[in-house]
Amino acid sequence: MLVLLRATYPPNAVKKVTEVFLSPELPKRPECAKELASFVYADNACYHSMILLDVEDSKLADYIRAQTERNVYMQSRVEGLAVEVNPGMSVMDAIALTSKHMPK
């Protein structure tokens, strides 16, 4: 299963986000979650960090628990940090799954 993490934070929190993300106390991402890509950008309001992960289907619950620990650790230390965890699938997998249910 693919998981898209999306974090947003205000410009005045960039230094703190970096410190917390690099902290050795930050709970580790489980090995069942492999990073495929990451992307950071800024707009007029805030910074956005996105990380695309491939998580073993059978380990999704374990991953969610571990990610919740990471979120709590980071969000309790960085004011204004918001994190979304969005499980999903590739476009081609979604088409294969849903196409058999489309009206003919």
Side-chain angles (χ1 to χ4, degrees):
M1 170 140 311
L2 296 177
V3 175
L4 179 65
L5 292 179
R6 182 174 175 270
T8 58
Y9 42 95
N12 63 346
V14 170
K15 181 178 179 183
K16 188 66 174 173
V17 167
T18 302
E19 289 171 1
V20 171
F21 186 76
L22 296 175
S23 169
E25 285 100 34
L26 175 65
K28 301 296 180 218
R29 182 179 294 145
E31 291 185 23
C32 64
K34 304 294 184 214
E35 184 174 322
L36 301 177
S38 60
F39 186 73
V40 177
Y41 69 96
D43 61 20
N44 292 333
C46 61
Y47 286 87
H48 306 264
S49 296
M50 295 186 294
I51 301 172
L52 183 62
L53 302 163
D54 187 8
V55 178
E56 297 173 35
D57 290 353
S58 64
K59 301 285 186 172
L60 187 59
D62 294 337
Y63 166 74
I64 295 293
R65 278 191 286 281
Q67 186 60 48
T68 299
E69 288 184 281
R70 289 171 62 87
N71 292 353
V72 169
Y73 181 89
M74 292 186 74
Q75 289 176 295
S76 66
R77 288 161 174 78
V78 180
E79 187 172 339
L81 175 65
V83 181
E84 296 175 13
V85 179
N86 301 292
M89 60 189 73
S90 72
V91 171
M92 295 309 293
D93 286 347
I95 289 170
L97 180 71
T98 59
S99 63
K100 60 186 170 193
H101 300 288
M102 296 291 176
K104 304 243 187 237

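Treat the numbers as computed from the prediction; the structure is a model and nothing was measured. What you see below is based on every heavy atom in this structure, not just the backbone, and it leaves out hydrogens, waters and symmetry mates.
- Within a 6.0 Å sphere centred on NZ of Lys28, other residues, nucleotides and ligands contribute more than 12 heavy atoms.
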Requested in this report: Tell me, with the steps shown, if Met74 and Val83 meet side chain to side chain contact (heavy atoms under 4.5 Å, CB included).
Outcome: CA-CA 9 Å; Met74 292 186 74; Val83 181; 5.8 Å; no
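- Through side-chain heavy atoms spaced under 4.5 Å, either directly or across other Ile, Leu, Val, Met, Phe, Trp or Tyr residues, Met92 is tied to Val91, Ile95.
- By the rule that hydrophobic residues join a cluster once side-chain heavy atoms approach within less than 4.5 Å of another member, Leu52 and Met89 end up as members of separate clusters.
- Contact between Ala45 and Pro11 at its shortest, heavy atoms only, is O-CD, 3.8 Å.
- In this structure, Glu35 places its CD atom where more than 12 heavy-atom neighbours from other residues, nucleotides or ligands lie under 6.0 Å away.
- Taking hydrophobic clusters as Ile, Leu, Val, Met, Phe, Trp and Tyr residues chained together by side-chain heavy-atom distances below 4.5 Å, Leu4 shares a cluster with Phe39.
- Annotation: the span from Cys46 atom SG to Asn12 atom CG amounts to 11.0 Å, rounded to 0.5 Å.
- With a 4.5 Å cut-off on side-chain heavy atoms, Asp62 and Pro30 do not count as touching.
- The hydrophobic clustering, which links ILVMFWY residues whose side-chain heavy atoms are closer than 4.5 Å, places Met50 and Leu5 apart.
- Between Glu69 atom CD and Gln67 atom CD the span is 10.0 Å, to the nearest 0.5 Å.
- For Lys34 (side chain) and Glu31 (main-chain N/O), a donor-acceptor pair under 3.5 Å exists by modelled atom type.
- Hydrophobic cluster membership is shared by Tyr9 and Phe21, with clusters built from Ile, Leu, Val, Met, Phe, Trp and Tyr side chains linked at under 4.5 angstrom.
- The number of heavy-atom neighbours closer than 6.0 Å to CD of Glu19, taken from other residues, nucleotides and ligands shown, is above 12.
- A donor-acceptor pair under 3.5 Å is formed between the side chain of Arg77 and the backbone N or O of Tyr73.
- The two atoms that bring Cys32 and Tyr63 nearest to each other are SG-CB, 4.2 Å, heavy atoms only.
- In plain terms, the two heavy atoms of Ser90 and Leu2 that are nearest each other are N-CD1, 3.6 Å.
- Minimum heavy-atom separation, Arg70 to Pro27: NH1-O, 2.7 Å.
- Hydrophobic cluster membership differs between Ile51 and Tyr41, with clusters built from Ile, Leu, Val, Met, Phe, Trp and Tyr side chains linked at under 4.5 angstrom.
- Nearest heavy-atom pair, Ile64 versus Val85, reported as atom, atom and distance to 0.1 Å: CD1-CG1, 4.0 Å.
- Of all non-hydrogen atoms in Val3 and Val55, the two that sit nearest each other are CG2-CG2, 3.7 Å.
- Residue Tyr47 qualifies as open at atom OH: its count of foreign heavy atoms under 6.0 Å is 12 or below.
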